[in-house]
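Notes follow once the structure below has been shown.
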Amino acid sequence: MFKDDARKKDVKTPTIVKEVWHNGEFIAWDDARVHVMSHVLHYGSSVFEGIRCYKTGRGPAVFRLREHMQRLLNSAKIYRMEHEWALDELTDAVVQLVARGGLQQCYIRPIIFRSLDEARPAFGVNPFPNPLSCYIGAWDWGKYLGDAAIEQGVDVCVSSWNRLSPNSMPAMAKAGANYMNSQLIKMEAITNGYVEGIALDDRGFVSEGSGENIFLVHDGKVVTPPLSSSILPGITRDSVIQICRELEIPLVESGIQRAALYVADELFFTGTAAEVTPIRSVDRIQVGQGRRGPVTERIQKLFFEITAGERPAPGPWLTYVNEYKPAAPDANGHRAAAAPAPEARKAVSAGDPNDAIHVTLTE
Ligand SMILES: Cc1ncc(COP(=O)(O)O)c(C=O)c1O
């Protein structure tokens, strides 16, 4: 029916950083363990992030670190996780972890979850009695959808599974439990010989991939589903929106019908793991010329130049690990936002680029 190797294939992980940040300290990778009766294992009570650190001429640089950490805090807030971790503390922790790990490029995984207080164990659904833990790990990670995907594109299907409905599980939060839905989408796709699946929202409009946002190109215009289509407010999505402004490519956020996927000139996924990956077919129907289209290529090129530090970003997108200075705490122990990286400059078009994610929250 299908080759077992296709199911077991994973993204290449050449190196893992040997330390993990835990609640303010660095511990050995081998010591980063939880009790099997932890709340998170039974009830999915975690929120997390995925961040990439890129190799640049100025050393490793973390891409949109503050925005990722702000999304982590937003996800925690949605799930009523009351904690003391501040944005600056978490961003400092990431930079220190990367510096200590010595990797030029890596993928960073911060996670906050409900664990188990072994002195006063609580096993019910009510998460409040369970203590919160925060860990940050990192590893070198290859191309998420395959090495050839960035140039050649991927073959995908529309999933028979719908994305979460807004009033059941908020797709806006990057919560571990949401990824049970993502796993259904991904397993179905792989089992049927596709690389990835696209889920529709509960009204039948295009939502997103199991771990990526989606963009469509038609008549030179770029279209992407709005937040109301149960998507994660992707940080790569936001970056691509700003890149389109730079390139003066018209972009709209709008509901997309499934059939529009088949007749689009170009389609591509965006995500921290997937970066900007072209889609060459959907349900075995060829999209456009069946390879990376010209608009996707322009956007992708700019994205990779920015992430490599070869070209200024529309905002302070890169945190250079070797040049990082933690913000000094004020009298109350709070730290102001770190100064923007030197390559920062204003976007050419209207709107504060730093507001972009917040703007999308209101769609
Ligand atoms: C379900 C889902 N949608 C979209 C994305 C893309 O988001 P980002 O660009 O912030 O990585 C991800 C990846 O994190 C995801 O898991």
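Indexing begins at 1, ligand by ligand and atom by atom, following the structure's order. Everything numeric in this text was worked out from a predicted model, so none of it was measured.
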| query | Should Thr270 be counted as touching ligand 1, given the test is an N or O pair under 3.5 Å? | reply | no
| query | Can you list the atoms of ligand 1 that are under 4.0 Å from a heavy atom of Gly234? | reply | 7 (O), 8 (P), 9 (O), 10 (O)
| field | Per-atom contacts, ligand 1 versus Arg163 - under 4.0 Å to a heavy atom | value | 1 (C)
| task | Report, in ascending order of atom number, the atoms of ligand 1 lying under 4.0 Å from any heavy atom of Glu208. | result | 1 (C), 2 (C), 3 (N), 4 (C)
| field | salt bridge (Lys or Arg N to Asp or Glu O under 4.0 Å) partner of Glu49, chosen from Lys174, Arg64, Arg71 | value | Arg71
| Do Phe268 and Phe303 have ring centroids that are under 6.0 Å from one another? | no
| message | Side chain, backbone, both or neither: which applies to Ser210 and ligand 1 if a contact is any heavy-atom pair less than 4.0 Å apart? | response | backbone
| query | When you look for heavy atoms under 4.0 Å from ligand 1, do you find them on the side chain of Arg71, its backbone, both, or neither? | reply | side chain
| task | Hey, can you tell me if Tyr135 and Phe113 have their rings parallel, tilted or perpendicular (30° and 60° cut-offs)? | result | parallel
| field | For Gly271, atoms of ligand 1 separated by under 4.0 Å from a heavy atom | value | 6 (C), 9 (O), 11 (O)
| side-chain hydrogen bond (donor to acceptor under 3.5 Å, both in side chains) between Ser230 and Asp201, worked out | CA-CA 6 Å; Ser230 282; Asp201 68 18; over 6 Å; no
| Is there at least one pair of N or O atoms, one from Ser182 and one from ligand 1, spaced under 3.5 Å apart? | no
| note | Quick note on ligand 1: atoms under 4.0 Å from a heavy atom of Lys174 include exactly 13 (C), 14 (O), 16 (O)
| said: Tell me whether His68 has any N or O atom under 3.5 angstrom from an N or O of ligand 1. | reply: no
| query | Going through the distances and angles, do Trp21 and Val94 end up as a side-chain contact (heavy atoms from CB on, under 4.5 Å)? | reply | CA-CA 8 Å; Trp21 185 92; Val94 166; over 6 Å; no
| Quick one: does NZ or CZ of Arg100 land under 6.0 Å from the six-membered ring centre of Phe26, within 45 degrees of the ring axis? | yes
